Amino acid sequence: MIRLLSRSPILTLIFPLEKTSYDKPMSQTIKPLNDELSWDRVKRIFTIDENGWYRKEIQSIINITLCGFATGLCMGGIVAMKNAVETFIANNEASQFISHFDAKRNLQDKVILNFLKKGTKVGLKIGLFCLIFSSVTTCTTAYRGKLAVENYMLGGSVTGFLFKINLGLRGMLVGTGLGGILGGLCGTTSIIILKLSGVTIDEILEAQQQWINSRNEAREKIHTV
């Protein structure tokens with residue numbers, strides 16, 4: 001972990017070295033880019049391609065973040081709906097409503113309001129978690145030129161550190177350690193799945209980008225008609 005952190009793009013930005021072992025891709029997991037160095041690959045992620053669309057790495061980060069937000073929205077919203085129903089029944093046992101439909105409408109309003117309020121709060125938290133984790137992992141992978149478990153561990157450690165930074169030193173250490181462990185498990189699982197499926201992460205991102213490009217082209221054709 002110490003060795004990884006010392007050679008990470010974050011620390012290298014603060015304490016630049018003249019030459020690193022990550023100047024060229026170390027494996028074929030990431031498509032070789034002989035004309036680009038470590039930071040060139042990272043900076044390239046945040047540029048627009050020749051068609052004026054986001055790069056596949058950025059699109060992957062966006063998709064992961066949106067999936068995290070949607071998951072959190074559903075999780076928080078479902079729990080909030082259940083609590084809203086129980087609270088409404090407990091607070092209105094002796095209440096009189098104009099009609100049966102009026103009571104149902106009031107209950108429905110409470111349920112929808114709690115779903116959106118608490119679901120959005122949980123969704124934003126999980127979405128932010130996914131954004132930080134995927135961004136650090138993607139940038140580290142591009143910088144090192146290979147997909148490895150250490151990249152996920154670094155992403156998990158940074159995310160855990162930032163999410164527990166308000167709890168003091170002990171909280172930050174716990175968040176960093178737990179995040180590194182969970183990131184390592186996520187990375188190990190991802191690499192095993194890629195090995196078993198016989199595809200690379202570049203092929204998956206490329207297929208995803210082609211699908212998104214096709215969708216964008218179809219939308220442009222609709223708007224031009």
Side-chain angles (χ1 to χ4, degrees), residues 46 48 52-138 152 155-168 171-172 174-176 178-179 181-183 185-186 189-190 193 204-205 207-225:
F46 301 96
I48 303 298
W53 295 330
Y54 294 124
R55 298 284 178 183
K56 56 186 178 182
E57 294 86 359
I58 284 292
Q59 192 62 57
S60 175
I61 293 174
I62 294 174
N63 293 342
I64 293 173
T65 302
L66 292 178
C67 287
F69 173 78
T71 302
L73 178 66
C74 294
M75 291 173 57
I78 291 173
V79 174
M81 287 172 61
K82 182 179 178 181
N83 294 336
V85 173
E86 295 175 351
T87 303
F88 183 85
I89 294 174
N91 294 338
N92 295 278
E93 290 182 352
S95 300
Q96 292 184 351
F97 294 95
I98 299 175
S99 64
H100 182 66
F101 296 103
D102 183 54
K104 284 186 174 180
R105 186 174 64 253
N106 278 272
L107 175 59
Q108 184 178 12
D109 292 341
K110 291 288 185 180
V111 168
I112 294 176
L113 181 62
N114 277 269
F115 180 91
L116 294 176
K117 184 178 180 180
K118 296 186 179 180
T120 301
K121 183 177 180 180
V122 176
L124 289 174
K125 187 174 182 179
I126 296 181
L128 179 61
F129 182 94
C130 293
L131 173 63
I132 298 173
F133 177 76
S134 58
S135 298
V136 175
T137 303
T138 300
Y152 289 87
S157 298
V158 173
T159 306
F161 173 84
L162 293 177
F163 264 72
K164 298 298 181 180
I165 197 170
N166 61 321
L167 299 180
M172 290 186 293
V174 172
T176 302
L178 184 59
I181 294 173
L182 295 177
L185 292 175
C186 178
T189 303
S190 300
I193 293 175
I204 294 176
L205 295 179
Q208 174 183 269
Q209 187 65 26
Q210 289 178 359
W211 180 83
I212 293 173
N213 291 347
S214 299
R215 182 193 63 185
N216 291 337
E217 290 175 356
R219 287 181 177 178
E220 290 179 357
K221 289 180 180 179
I222 294 175
H223 290 309
T224 54
V225 173

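All values below come from the heavy atoms of this structure, side chains included, with hydrogens, waters and symmetry mates left out. Model, not experiment: these values are computed from the prediction.
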For residues 112-135, please give each side-chain donor-acceptor pair under 3.5 Å, one per line with the distance, not counting sequence neighbours.
| residue | atom | partner | partner atom | Å |
| --- | --- | --- | --- | --- |
| N114 | ND2 | K110 | O | 2.8 |
| T120 | OG1 | L116 | O | 2.4 |
| S134 | OG | C130 | O | 2.6 |
| S134 | OG | L131 | O | 3.3 |
| S135 | OG | L131 | O | 2.6 |

[atom2] on [Y] to [atom1] on [X], rounded to 0.5 Å:
X    : Y    : atom1 : atom2 : result
I58  : I48  : CD1   : CD1   : 8.5 Å
L185 : S190 : CG    : OG    : 10.5 Å
Y152 : T189 : OH    : OG1   : 10.0 Å
T138 : I64  : OG1   : CD1   : 6.0 Å

D109: side-chain hydrogen bond (donor to acceptor under 3.5 Å, both in side chains) partners, not counting sequence neighbours: none
Residue from N166, I165, L162 passing side-chain contact (heavy atoms from CB on, under 4.5 Å) with M172: I165
Criterion side-chain contact (heavy atoms from CB on, under 4.5 Å) against V158, the qualifying member of V136, T176, T137: V136
side-chain hydrogen bond (donor to acceptor under 3.5 Å, both in side chains) contacts touching residues 60-86 (sequence neighbours left out): Q59-N63, N63-Q208
By salt bridge (Lys or Arg N to Asp or Glu O under 4.0 Å) - contacts of R55 (at least two apart): none
Residues in side chain to side chain contact (heavy atoms under 4.5 Å, CB included) contact with V111, at least two apart in sequence or another chain: M81, A84, V85, L107
Partner residues of L167 under the side chain to side chain contact (heavy atoms under 4.5 Å, CB included) criterion, sequence neighbours left out: K164
